[in-house]
Amino acid sequence: MTAISKTEKQTTLSGIQPSGKLHIGNYLGALRQFPELQSNYDAYFMIADEHSLTEDYEPADKPAQILDVVAWFLAAGLNPRSSKIFLQSFVPEHAELTWIFSCVTPIGELERMTQYKDKASRQTKNVNAGLFIYPILQAADILLYKPLIVPIGEDQTQHLEFTRMIARRFNRRFGETFPEPRPRYTTVPRLMSFNDPLKKMSKSWPGGCIFLEDSPMVIAEKISRAVTDTSPTPGEMSPGVKNLFLLLKEFSDAATIKHFEKAHADGSIRYSNLKTALAKDIAKNLAPFQKKYVTLIKQPKKLMAVLKSGSQKARRVAQKTLTEVKQKIGLP
Ligand code: AMP
């Protein structure tokens, strides 16, 4: 482990793919923590455009998708002067270190990755090699900045373990270079879809997903259709109901939470009332955030300037790490 002094801030890195609209899973699982990470860490926030190329996409849509994520980052409270907000493809060291790491990665380790198997089974017409080596790029994203803490949702546990394995293998083969980053789980590591509460909430199932830009009416409509259970058993929660209570705890006040918990415990609960209250509270919480986003998204030049300057700062650190790596592996 790399030694750090008490006054020096630990490094952390978090990223989001620009591959469509962001949803409340991204908010609760990532964005909401960003201001706190910015205050307490030497923080890097990456827009993972190279990762997003592994899915089907329209090239013409990509620039707007990238700026959209920058706007949400700033709306969430990130300050470009305190954090490094950067674009993965503006820092070519990510792709270069990916190649170097691929030469210390056993293929069997990649074959075990559940996200690869899941995505390969969903996009059967586009099972590209990028999808397969995705965890190596992710390991490069992280290790270039040598963070000790990486905030993740439950879906990323296996990939972070993979990153730690790469760090160990590299250190063993070429000498101590990378610290092994530890996960920091969010309070909502896995928000489920409203349509199918056994599946993670994802933009791939838009009906079961609240997008950050959804209006109060759309939010109410989506929640009204959420799967609950037909015959509630006092004290027991189906996965769909559990998911609604999880959201209630994140967005509602203590009295509302207590009221519905009691109603659930004694069997008097009416899910339509729970859904109405929840939809109202989600819309209320998102409103100030949406207002900032609407102003920011009208300023594409400013968003691009943020990205360019953050990428320059990130690149200086990435270049230093890559130079160290090249020396260790014997490249001039
Ligand atoms: P991605 O869209 O895969 O780039 O994810 C960006 C961030 O959002 C990651 O930190 C994910 O763990 C988090 N995230 C995505 N979907 C969910 C979800 N359904 N529940 C909790 N966190 C999520």
Side-chain angles (χ1 to χ4, degrees), residues 12-37 43-57 62 65-66 68-70 72-73 76 78 85-89 94 113-116 118-119 122-123 130-131 134-135 137-138 141-142 147 149-163 181-214 222-223 226-227 239-240 242-247 249-251 282 289:
T12 189
L13 174 133
S14 189
I16 293 192
Q17 292 190 56
S19 53
K21 295 190 246 177
L22 298 190
H23 54 78
I24 53 169
N26 300 127
Y27 174 67
L28 296 174
L31 271 180
R32 196 175 52 165
Q33 284 78 244
F34 283 7
E36 185 266 314
L37 293 171
Y44 291 78
F45 298 101
M46 179 181 78
I47 294 167
D49 58 341
E50 289 173 333
H51 282 290
S52 75
L53 304 184
T54 59
E55 293 181 9
D56 296 322
Y57 74 99
K62 197 54 71 185
Q65 289 175 339
I66 291 169
D68 195 63
V69 181
V70 187
W72 283 117
F73 277 11
L78 287 190
I85 300 171
F86 73 98
L87 186 67
Q88 189 179 29
S89 65
H94 288 247
M113 295 294 125
T114 51
Q115 183 174 293
Y116 164 68
D118 179 43
K119 285 198 177 171
R122 273 194 279 143
Q123 52 185 72
L131 210 53
Y134 186 111
L137 177 58
Q138 192 169 338
D141 298 333
I142 296 171
I149 302 287
V150 182
I152 55 168
E154 215 173 75
D155 55 339
Q156 292 304 319
T157 303
Q158 197 185 29
H159 284 174
L160 190 65
E161 198 37 60
F162 177 91
T163 296
R182 290 189 305 275
R184 191 183 96 156
Y185 288 101
T186 61
T187 49
V188 185
R190 198 170 158 87
L191 186 65
M192 308 310 270
S193 165
F194 294 132
N195 301 355
D196 181 352
L198 296 178
K199 281 194 189 132
K200 196 181 86 161
M201 183 180 282
S202 151
K203 61 181 179 298
S204 317
W205 300 287
C209 167
I210 293 178
F211 293 111
L212 292 183
E213 60 178 46
D214 281 348
K222 286 181 177 171
I223 294 193
V227 173
K242 222 186 252 175
N243 204 38
L244 294 180
F245 268 93
L246 186 127
L247 284 172
K249 284 188 187 141
E250 297 301 324
F251 289 109
I282 293 180
F289 185 41

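Given the structure is predicted, the values throughout are model-derived calculations rather than measurements. Ligands are counted one by one from 1 in listed order, and the atoms in each one are counted from 1 as well.
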Using a 4.0 angstrom limit on heavy atoms, which residues are close to ligand 1?
Gly15, Ile16, Gln17, His23, Gly25, Asn26, Gly29, Ala30, Gly153, Asp155, Val188, Pro189, Arg190, Leu191, Lys200, Met201

Donor-acceptor pairs are to be reported for all side-chain atoms of residues 200-212 against protein atoms at under 3.5 Å, with residues two or more places apart or in another chain.
| unit_1 | atom_1 | unit_2 | atom_2 | d |
| --- | --- | --- | --- | --- |
| Lys200 | NZ | Asp155 | OD2 | 2.7 |
| Ser202 | OG | Ser204 | N | 3.0 |
| Ser202 | OG | Ser204 | OG | 3.0 |
| Lys203 | NZ | Ser19 | OG | 3.1 |
| Ser204 | OG | Arg122 | NH1 | 3.4 |

Using the rule given for side-chain hydrogen bond (donor to acceptor under 3.5 Å, both in side chains), can you reason through Gln158 versus Thr114, listing the C-alpha separation, both sets of side-chain angles and the distance that settles it, and then say yes or no?
CA-CA 8 Å; Gln158 197 185 29; Thr114 51; 3.0 Å; yes

Looking at Phe45, Phe289, Tyr27, Phe34, which hits ring pair (Phe, Tyr, Trp, His ring centres under 6.0 Å) with Trp72?
Phe289

Please examine the side chains of Leu13 and Phe86, heavy atoms only from C-beta on, and report whether any two atoms are closer than 4.5 Å.
yes

Yes or no on side-chain hydrogen bond (donor to acceptor under 3.5 Å, both in side chains) for Gln65 and Gln17, after CA distance, side-chain angles and deciding distance?
CA-CA 9 Å; Gln65 289 175 339; Gln17 292 190 56; over 6 Å; no

Is there a side-chain contact between Phe194 and Leu247 (heavy atoms, below 4.5 Å)?
yes

